[in-house]
Structures are given as C-alpha cells and as structure tokens.
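In what follows, a structure is listed as structure tokens, so that the remarks can point back to it.
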Amino acid sequence: MEDEDDSETDRFIERFIASHEYRHDLEIILAWIEEIGQKRGAMPPGDEELFRSERSAVALPPPTAYGNNLRLYGFVCSDDIVVLGGGGRKTTKKAQDGDTRNAFRLMNQVAEVLRHRFTNGTIRIENQQLEGSYQKITIPG
C-alpha cells in the first residue's frame, strides 16, 4: 500500500511467525509459496490443488491442507506471477467475515481491478513481469 514500508504479505507473516498456535499453519503456507514459485508454477488459476477459490481472488493454503486455520489471499496473473495480499485467521465459516474479512475484501477488490486492467489492456505480461498501469490502484470505498 502507498506510504507503507511493509506489504500486506509481510504484515501477515510478521503477525504469525512468532505465534506458537499458528506457526505450523504459516509454515505450510510458506512451503506452498515456495512449491509454486520454485517448482510448479501457479496455473491454471482455478487449480483447486494449489489454491482455494475466494470469489475473484484465491487463497493459500490449498484445500488439501486440512485443518489449517490461516488464509493468505492473492490473485493469479499467470503461471509465473501471483500477486499476494494479506490474510488472517479463519475464525468463521465465511471468509468475508471474522479475522479474514479485511484481507479477503481488499484482495478481491484488487483482483477485480487487475482483471479489468488485463481485459482492457492497461496491464500486460511481458518477460514474466507485469507491465503497464498496475502500481497505482484506487480501491473503491
């Protein structure tokens, strides 16, 4: 976010890295990030083996990580590019409620803006990087 030193993902990691209760859950998410980034890639975007579908966004860990009480939200741009946001503790049945509420809503808004910009051509992927108007995003309300 503008005028902030840490990213949403950094704050998510910092929040849970020292937690005895959630440390293992965080380590599973970080292992999946490494698996996707170093070995598998992120496609196809709706691959339920890799991500939980969360409206326009996705979440880690994948559904196969039963009992994990953390969620980290993101948006799959391509096999090589996943925009990660924030996350929280899964405290309610619905992701849009409870501790995950703000991160869920923000990442879904970002995902919608990015999807629209991909569609209208204001952002594109070149040489495994995002190019165009993606750094300055105004999120409604």
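Computation of the quantities below employed the complete heavy-atom set of this structure, encompassing side-chain atoms and omitting hydrogens, waters and symmetry-equivalent molecules.
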**Request:** Under the side chain to side chain contact (heavy atoms under 4.5 Å, CB included) rule, collect the residues that match up with Asn69, sequence neighbours excluded.
**Result:** Tyr22, Asp25
Ignoring hydrogens and angles, tell me if any N or O in the side chain of [X] forms a donor-acceptor pair with the backbone of [Y] under 3.5 Å.
| X | Y | value |
| --- | --- | --- |
| Asn127 | Gln129 | no |
| Lys39 | Gly41 | no |
| Ser56 | Asn108 | no |
| Thr9 | Gly85 | yes |
| Thr91 | Asp99 | yes |

**Complete:** Sequence neighbours excluded, the answer for side chain to side chain donor-acceptor pair (under 3.5 Å) partners of Gln128 is Asp80
**Request:** With the side chain counted from C-beta on, respond yes when Arg23 and Glu27 share a heavy-atom pair under 4.5 Å apart, and no when they do not.
**Result:** yes
**Separation between OG of Ser19 and CG of Leu26, rounded to the nearest 0.5 Å** = 9.0 Å
**Asked** How long is the gap from CG on Leu70 to CD1 on Ile13, to the nearest 0.5 Å?
**Response** 11.0 Å
**Asked** So does Glu34 have more than 12 non-hydrogen atoms from other groups sitting under 6.0 Å from CD?
**Response** no
**Message:** I'd like to know if Glu14 pairs up with Arg11 as an ion pair, taking the criterion as any Lys NZ or Arg NE/NH1/NH2 lying under 4.0 Å from an Asp or Glu carboxylate oxygen.
**Reply:** no
